[in-house]
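Below is one structure. I have some questions about it.
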Number of protein chains: 2
Amino acid sequence: MSEKRTVTTRDIAEQLNLSVSTVGRALSQDPRISQETRARVEQKAGELGYVGNLAARLMRGAPSTVVGLMVPDVRNSFYSTAAHALTQSMGEGGYQVMLSQTDDDRDAELAQLRGLAAAQVAGVILVPSPNPRPEAVRLLRDLPNVQLLRHLDSIGHHWFGVDDRGVLREATQHLVDLGHRRIAFIGGQLGFSTSNDRLSGYRDALRGEVDESLVVHAPPSSVEEARRTVGKLLDRKDPPTALVTASVRTTEGVLQELTSRGVDVPTELSVVGFGDESGFSWWGPGLTTMALPVHEVATQCSVWLQRRIRSGGIKGPYGSSSHGYLVERGSTAAQ
Amino acid sequence: MSEKRTVTTRDIAEQLNLSVSTVGRALSQDPRISQETRARVEQKAGELGYVGNLAARLMRGAPSTVVGLMVPDVRNSFYSTAAHALTQSMGEGGYQVMLSQTDDDRDAELAQLRGLAAAQVAGVILVPSPNPRPEAVRLLRDLPNVQLLRHLDSIGHHWFGVDDRGVLREATQHLVDLGHRRIAFIGGQLGFSTSNDRLSGYRDALRGEVDESLVVHAPPSSVEEARRTVGKLLDRKDPPTALVTASVRTTEGVLQELTSRGVDVPTELSVVGFGDESGFSWWGPGLTTMALPVHEVATQCSVWLQRRIRSGGIKGPYGSSSHGYLVERGSTAAQ
DNA sequence: CTGAAAGCGCTAACAC
DNA sequence: GTGTTAGCGCTTTCAG
């Protein structure tokens, strides 16, 4: 860690008695430079450990090679999967990914966004918080961006996500097909575009025959709260015979509570989860759940943004919603 | 997404009939600027959506505000936890985190590192691949860096991780205390500093009474391979009565295999896992496992690097190893 | 084929 | 209190 001054084209030029411009051209494979000179320059560059200076290139108007990724919390498997796919795909396109976490807090979101804008990122992929600051929205207007999973019209109409409504329709339908009628819906925090869509899917499957007292929402990202919520539901004198969850965190909370109460699944209660964490298959009789193609969605998103950045064009609105699919394991049974 | 040219100090200056330097000073709270001018400048800046240009500042010699984080794969809960803590902690210190994934491939590692160096990052936190390219090591010599979890002397002596040896000693000791003697060790890929330490901890607890045929290693990150490996172990005519795992992925593979074989845990076999993924508590009777303070380690690491960057000093070697602790659930029983 | 010079946006000397 | 100037490292005219 000798912390030397970084080596510049000028260092190379001086040592070789050349001009900086020649060195620069040699390094950028300019055809006008003789083979020999180029070789000498490359040799010297390797020797000195020349790595270039992106900041300087940026200032010269070169396109930025970094894109921002804003997610609520990378520990959530949803977002870590997305981060993985994006970093991968972006890396293949020569981009670097700047990771920001918002915790779904609009002020944190704004602060991060300022940072990304100041860093001159080429674009931003974001999972928007429920209610972004107006300034955040303004900043996004000047940055190529795509929304991931969640979607806010105020930000734009470029979005890649899953068909949340269809996912919950399918989950609920599965229970209906098994003969269940008293099916509880445990959603995540209200206010996200996704929450509403998921609830709609649930209603779709039930065709209006919804007992509103069975529809509950757990507060944001709190496993504890999800546990309390499901507890209350089960303590009713007319408890539901089945249950669908509408977020990963909520699902985790529900599983914990059911385990600690020793509820007999699926005999006593059928359960369909949301998302497919590695642990879900181990839980009790194996959790029947809706698997979501997060990896694919993220990759599509990345590819689209790269094209968008390169073409520079303001192509019309574009969104893509991918479908989830039911993974049947042991947590559901006929009523 | 109007994609306008970004607004500069000069734009502000022109609109206000000031010089760029006045604007610059006003924006940086220079005391020499009159209240009134400052107010006008700030007003205009807000109006135009001025965000500054980090690249330009960087070129002027300002310290970089981005640090690189290099991990094998963010989907692994180990690394997503670390990424979370680091982004958080770095953010508080005003740093941004550039995320790179190496997949434990030395060439990917080198490529990413070149990118980070070119981006003039202020420092790098990395989980080194088993055998980095010499050029990668050279690049790291000129960058303030810390190693996370794994440790390679060739890179340096700044390291934050867990006491791997102690962790496996404790895991194994727990089984010994329960009366087990035929305890199998299923490690991850060899070649990592961590793998060796973990194996040493296992040997420690067994005080030399090790049946080498019970020591096996599963290839890198392959859940499938781990499954096959544990399968062979159980098919012996003198199978082990207990088993410790020495990596998160390996643990996942083992759990899957035990489930699909219907092995009766802990009656037939006692198991102690490695790491504490959310799903581990749901598995079968609940997995007894070694929990690791990854969040704390990562935070310490981040704080240390920030201090190191700011002080600029080449303080002597520094490492810190945090302790894991046993979480007793249902997967272990007396022999 | 190679060199000299200008300029990207910002800040820090150095004026006035 | 404010303006002028120079220069960070790089690319890109414009000259040889």
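Numbered from 1 within each chain, the chains take letters A, B, ... in sequence-line order. Here the structure is a predicted model, which means the values were calculated and not measured. Scope of the values below: all heavy atoms of this structure, side chains included, with no hydrogens, waters or symmetry mates.
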> Counting only non-hydrogen atoms, which of residues 34-42 of chain A are less than 4.0 Å from DNA chain C?
Replying inline: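 Contacting residues: A:Ser34, A:Thr37.
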
>> With heavy atoms of chain A within less than 4.0 Å as the criterion, where does contact along DNA chain C begin and end?
In response: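 Boundary nucleotides touching chain A, in 5' to 3' order, are C:dC1 to C:dG9.
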
>> Less than 3.5 Å apart, any donor N or O on the side chain of B:Gln120 or B:Ser64 sitting next to an acceptor on the other?
In response: no

> Using the ring of each side chain (for Trp, its six-membered ring), is B:His295 parallel, tilted or perpendicular to B:His84, with breaks at 30° and 60°?
Replying inline: tilted

>> If the condition is side-chain hydrogen bond (donor to acceptor under 3.5 Å, both in side chains), which residues does A:Ser322 pass it with, not counting sequence neighbours?
In response: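 Result, side-chain hydrogen bond (donor to acceptor under 3.5 Å, both in side chains) vs A:Ser322: none returned.
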
>> Can you list everything that forms a side chain to side chain contact (heavy atoms under 4.5 Å, CB included) with B:Asp103? Sequence neighbours excluded, please.
In response: A:Gln88

>> Restricting to side chain to side chain contact (heavy atoms under 4.5 Å, CB included), what partner residues turn up for A:Arg114, sequence neighbours left out?
In response: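 With sequence neighbours excluded, A:Arg114 shows a side chain to side chain contact (heavy atoms under 4.5 Å, CB included) to A:Leu110, A:Glu135, A:Leu139, given in chain and number order.
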
> In terms of the angle between their ring planes, are A:Trp159 and A:His151 parallel, tilted or perpendicular, with boundaries placed at 30° and 60°?
Replying inline: tilted

> What residues, two or more places apart in sequence or in another chain, satisfy salt bridge (Lys or Arg N to Asp or Glu O under 4.0 Å) together with A:Arg57?
Replying inline: none

>> Please report the distance, rounded to the nearest Å, between CD1 in A:Ile12 and P in D:dG9.
In response: 13 Å

> Hey, can you pull the residues of residues 49-64 of chain A with a non-hydrogen atom under 4.0 angstrom from DNA chain D?
Replying inline: A:Tyr50, A:Gly52, A:Asn53, A:Ala56, A:Arg57, A:Arg60

>> For B:Thr37 and B:Ser34, which I'm curious about, is there any donor-acceptor pair between the side chains at under 3.5 Å?
In response: yes

> Residues in side-chain hydrogen bond (donor to acceptor under 3.5 Å, both in side chains) with A:Ser154, at least two apart?
Replying inline: none

> In chain order, what residues pass the side chain to side chain contact (heavy atoms under 4.5 Å, CB included) check against B:Glu47, with sequence neighbours excluded?
Replying inline: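 Only B:Gln43, B:Lys44 meet the side chain to side chain contact (heavy atoms under 4.5 Å, CB included) criterion with B:Glu47.
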
> Can you list the residues that meet the side chain to side chain contact (heavy atoms under 4.5 Å, CB included) rule with B:Gln35, with sequence neighbours excluded?
Replying inline: B:Arg38

>> Holding to salt bridge (Lys or Arg N to Asp or Glu O under 4.0 Å), I want the full list of residues that pass it with A:Arg150, two or more places apart in sequence or in another chain.
In response: A:Asp104

> For residues 14-32 of chain A, which residues have at least one heavy atom under 4.0 Å from DNA chain D?
Replying inline: A:Ser21, A:Arg25

